[in-house]
Each structure stands twice: as structure tokens, then as C-alpha cells.
Amino acid sequence: MKKRVIALFLAATMAFGLTACGGGGNDTADNAQTNGGGSENGEDGTNEPSQSPVDGKVLSVQVGPDPETIDPALNSAVDGGNMLLHSFECLLTLDENGNLAEGQAESWETDEEELVWTFHLRDGLKWSDGTDLTANDFVYSWKRVCDPEVAAPYAETVLGMVEGFSEAIEGELDALKVEAPDDKTLVVTLSNPCPYFGSLAAFATLSPVQQATVDANGDAWATSADTYISNGPFYISDWVQGSHITMSKNPNYWNADAIKLDAIKWNLIEDPNASYSAYQTEEIMMIKDVPTEEIPSLSGSDEFYVDPIIGTYYLSLNTQKEPFNDPKVRKALSLAIDRDYVANTLMQGTYTPAYNFIGPGWFDTDDSEFMNNANGGQPYISSDHEANLAEAKQLLSDAGYPDGQGLPSFVYSTNDASYHKVVAEYLQQAWGELGIDVNVDIVEWASFTPMRRHGDFDSSRNGWVGDYSDASNMLDLFYSSNGNNDGKFSNSDYDAAMDVSRTTLDKAERSEALHKAEDILLEEMGCIPLAYYNDFWLQRKELKGSWHGTNGYWYFMYADIDDGTGSAEDNASDETVSEPSSENLEPSTQPAGDNASDEEVLEPSSEN
């Protein structure tokens, strides 16, 4: 279950790590909740969130700065997604091993054709304000994801296979075949079988949101503790921009008795040095952002962890701008990079060089490693940097820019966290060897992701961490109409291959289509893969019962803090505390259970 890192450079071989955290018990939380449409006073006899300061066990953590958004429909970043994981709950959820487990639904099944999925909700589900939550809340929320006025970046990824999606995304929301025949039943009809649809039902984008709250407050509903109504194990009780978000235990959560923490305080810190200082002074018990200069001295510590995750650190080039609309230029920029130097020297072995786009941990349709079957078993990009550099210079000359002459200077944009700045400085030097003048622009995280999404960049750092372990999750990013296609790569052959992968029932044909898509992506260099992600972080030993997933998330909802009195229930064990069972939960016709990869579902992501 848990593996503690002793040698940093063995990170790539390590399995799941158990995160640690903790905090003082004197954090306070102001938790009056109003929604403009629901009950505030618990007149129906349900529990109303307490308005007294939070006492007891308060876990203080740092996973990122101010999130761009924590509206489930709009978030596409790991930091915001980690918060959503604790404030909302989907129909299905994940257990410690990444397997599907019951969430708001207590059971589900499909028809024989695997086109109709029926979810049966638990009795007595409530929102955090004490009002009833029903299947119609999911109908509203899923249609909202399709609403062109909302512009959810994940819409096509999570609902593109549902019947009526093409009409719904144009504004005919009621065309989406998501129905609630009664308050406890949700029926979803697909236009074609989707072997990983169970994974999507555990995907934070498809969390329910309260219509009364959204209608009353518009987009601002997800920006204030007063209006942020949720349905998960915690609710937001205090939110100070640039400082912290405090989530208190939700007494109306169906499994509230299993929640041992009284609150989680998410410290919104962008500077790794500030995070590290707060960790050293024991103000925070778990930090994601560790100063890279401290890593050599931490590699032997039993509080320093490294865990592999399924994801790729890559570069986006704005293909709608010259000279990035020329594949020769894009490929030259890629080949000029020494990936081994980046991953093992600049990143100190905490990342792995990426010579393909799809890296380790992704599964093919026969459950084998997707990467091993790609490009005839050979890497797309050679590890021979000198040969690559010579080819890069030739490609640039073929594109009309011998020795970089005539190629306009451009900007490389990145945020200042982890190794991003030092990588930017290296790219400036590496591309300089081609005779190219590159300027580096450091952008605050809150502005960085919207800048990329809107295409306001020349070249930019990017990355993606898996939402589920089917390779389509990564490859879908470069479909022409995908909302997360930041570089606006567009190729009709690529789209056609992805269309086949979405509709075919034949596993071999689907595998062939996915591999063809990666072939095209890297031949055209629609993005530049740089390194495969590992997460590294600091945590204290007092935490019991949390875990870290290959999706790059920390799961604190069933955690406990050992205060030295033996009060933590799993004090003597590294096993996690009790949670919803995932045994025997596959749909009766096994729509997603005949492929082991379909069970390794992972939550929404991007990176930070």
C-alpha cells in the first residue's frame, strides 16, 4: 500500500504513496450558507452546518495557489480538482486502489448493448444546505456542461458519447439523453458504447450543482463560501482570496459518520519557499510545492515522497501563428531539446524523459501497456541528442530559416512553480543553438491557464495528468474541437482516427485507431512532449488514512490525525480508514469491467 521514498532517483519504479498531513485545531471557519433559492434554516429537520468556529481536527495543506475556478463544469486543473474532490461527489467515486466505488449512486447497471446506463441513487441525499438532492439535479448539471454559454472545456470528453450531444452543444440542451424517471433514478443513453463510461460517472466535471444557487448567483456562485453549495464530505465554510479556503465537515453528507476530520484548510500559496517555510514551522502538515533547491537534502527524509502519476509535461505551440503553423519548425524545436538533461539534471530525476506522448501507466485495449505497442515498439523521438540537433538544424533550413535566419523572435510563457522557470531558461538556450531568439514570460497561475485556453501565447508550458487510464483521455486533447486543445492543433486524419476509436466495438480496431492518432500527432508535432510526471511532496507522519492517486490527487476525506494520544483510528497501521466498498460493484453486464484499465479511473486534471 504505502511506500516511503528512500532514494529519490528510484521514483519511477515506485507504487502508490501515502500522503501525510495535519494542522492545528484552532483554525476558525465562518460557515453561514445561503443559496438564493434553497432552505437556510433546516426547517425540514435536516442537519444545518454549524456556524460556530471549527474546533477539533483541522488538516492544513497546500496543493496550489488560488484556483482559476472551482466550478465543476469549468475546472481543468489539478489544484482546483483536488478541492472539488472533497467538496463534491459524483454518481461514482474511487477507492484507494483507483477502482470504481459507489458515490451518490448505490448501484448501477447497463443493458446488453451497453448503451443504456441506469444509476440508482441513495436514499436521503442532501445538499450541504440541508435541501434534498435528486436525480433531476444530475440531469440539470449534465445539461449545463453542454451549454455553449457555459463553455465547459471538458464537455466533449465527458458527454460526447451521450445521445443528443451534438444538438445539446449547439444549445438544444433537452436533446441530451439524460433522464430522471423518478427522484432516485438517472438513465443515460449513449449513441455508441463507451468502455470507460463508468470512469466518467466518477469524473468531477459531472458533479451535481444546485440549480437554485446557479440561477440566483450566476457564475459568481462558485466564488464565495456563502453561495458555494455542494454535496461532498466537506463544504466551504471560509474563503479568503490569496490566503486560504477552509472546508468544514458536511453533516448532511450520506457517509458523514466516516469523516473524522472537522475541517481541511487549503492554504493558497504560490511561492514554494513560502510553502516550505510554513511546513518547517508546522503551520502546514502537507505541501505539494517543494522548493527544487531543497530536493537533494530531502531525498533521504521519511517525510519526502515521490510517486509516479499518469501524465506528460509537454509544450504547446500556437499553430494558428507563424512560424508554428509549419510542422518542420515544430519538429525542429522538439528535436533541439535534450530530454535526458531536462529530466535527470534540471529536474533532478524527479521526472522521466518523454520520447513518446503517451507514457507509462496507460493501457491498451488488450490491457497491455499502450506505450509498448506504439510506433512498432520504438520511441518516436530518439534519445541521441547530437543526431537530433543536426536533424533540427536541417529541418529549420528546409522550412526556409537556415541557422534561424528570418525566423521571428517569440515568447515562451510559463508559471513560476516547480522546475518551470529553469526549464524555460534551458529552452531559451537550446532554441538559441538553432539561431532563434526566445523571450521568457513568467505568468501568475491565476492568469496562466486562461491565457493558454484563449490562445494568447506563442509557445507555452503545458501538461496533462490522466483522468482515466484509457489512452483516449490524453489523445482527445488534440481533437480539433476539444476545449483543452490549447495549441489549436487541427488535422482531419487525426480527427478521423479518434472518431473511429470512439465508435468501433472492435478492440483491435480501436487500438489501431488510437495508435494511428499518436503517430499523426508526433509526426506533425502537434505538441512537444518533454517529460513524464511524478509527484513529489512533503508530509508529516501524523496523518493516517489518506492516499495519493496516479491521477495526481491527494485523498483526505477519510483521513485522521494522530495527536499522540492514540486517537487516530488507524494509528498502528498504514492501511486507510473505512470508505465506501468497491467490491462487486461492476455493472451486471460488465460494460466497464472486462478491461482492467477501465477500473483505474482517475479524476479531472490538467496541471499546475
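What you see is a predicted model, and the numbers here were worked out from it, not measured in a lab.
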State yes or no: are the ring centers of [X] and [Y] separated by less than 6.0 Å?
{"X": "Phe370", "Y": "His515", "answer": "yes"}
{"X": "Phe410", "Y": "Trp431", "answer": "yes"}
{"X": "Phe556", "Y": "Phe234", "answer": "no"}
{"X": "Phe357", "Y": "Phe478", "answer": "yes"}

Short N-O contact, Asp302 and Lys541, less than 4.0 angstrom
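Judged by the 4.0 Å cut-off on N to carboxylate O distance, Asp302 and Lys541 do form a salt bridge.
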
Expected output: side-chain Trp537 to main-chain Val290 donor-acceptor under 3.5 Å
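No, because the side chain of Trp537 does not come within donor-acceptor range (under 3.5 Å) of the backbone of Val290.
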
Do any N or O atoms from the side chain of Glu369 and from the backbone of Gly361 form a donor-acceptor pair under 3.5 angstrom?
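Flag set: sc Glu369 to bb Gly361 pair under 3.5 Å.
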
Taking atom CG of Asp403 as the centre, does the number of heavy atoms from other residues, nucleotides or ligands within less than 6.0 Å exceed 12?
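At most 12 heavy atoms, drawn from other residues, nucleotides or ligands, come within 6.0 Å of this atom.
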
So Lys321 and Asp458, salt bridge (Lys or Arg N to Asp or Glu O under 4.0 Å) or not? Walk me through it.
CA-CA 7 Å; Lys321 291 184 176 182; Asp458 297 333; 3.0 Å; yes

Evaluate the side-chain proximity of Asn484 to Tyr154: yes if any heavy-atom separation is below 4.5 Å, no if none is.
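In short, these two side chains touch, coming nearer than 4.5 Å.
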
Among Lys260, Lys57, Lys544, the one residue meeting salt bridge (Lys or Arg N to Asp or Glu O under 4.0 Å) with Asp560
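Answer to the salt bridge (Lys or Arg N to Asp or Glu O under 4.0 Å) test with Asp560 among Lys260, Lys57, Lys544: Lys57.
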
Checking Tyr494 now: which residues fulfil side chain to side chain donor-acceptor pair (under 3.5 Å) with it, not counting sequence neighbours?
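For Tyr494 there are no side chain to side chain donor-acceptor pair (under 3.5 Å) partners, ignoring immediate neighbours.
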
Let me see the working for Thr350 and Gln348 under side chain to side chain donor-acceptor pair (under 3.5 Å), right down to the final yes or no.
CA-CA 6 Å; Thr350 58; Gln348 303 178 83; over 6 Å; no

Which heavy atom of [X] sits nearest to which heavy atom of [Y], and what is that distance?
{"X": "Trp445", "Y": "Pro65", "result": "CD1-CG, 3.4 Å"}
{"X": "Ile287", "Y": "Ser275", "result": "CG2-O, 3.7 Å"}
{"X": "Leu335", "Y": "Leu395", "result": "CD1-CD1, 3.7 Å"}

Just jot down the side-chain contact (heavy atoms from CB on, under 4.5 Å) partners of Gln241, sequence neighbours excluded, or say none.
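Partners of Gln241 under the side-chain contact (heavy atoms from CB on, under 4.5 Å) test: Asp66, Trp239.
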
Evaluate the ring planes of Tyr313 and His420, with Trp represented by its six-membered ring, and classify them as parallel (under 30°), tilted (30 to 60°) or perpendicular (over 60°).
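Rings of Tyr313 and His420: tilted, 30 to 60°.
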
Here's a test for you: under side chain to side chain donor-acceptor pair (under 3.5 Å), which of Glu270, Lys421, Arg461 qualifies with Asn415?
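Testing each of Glu270, Lys421, Arg461 against Asn415, the sole residue satisfying side chain to side chain donor-acceptor pair (under 3.5 Å) is Arg461.
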
What do the steps show when you test Arg453 against Glu68 for salt bridge (Lys or Arg N to Asp or Glu O under 4.0 Å), and what is the final call?
CA-CA 12 Å; Arg453 191 177 302 116; Glu68 178 194 355; 2.9 Å; yes

If you draw the axis of the six-membered ring of Tyr351, does the NZ or CZ of Arg339 fall within 45° of it and under 6.0 Å from the ring centre?
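Geometry flag: not set, cation outside 6.0 Å or 45°.
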
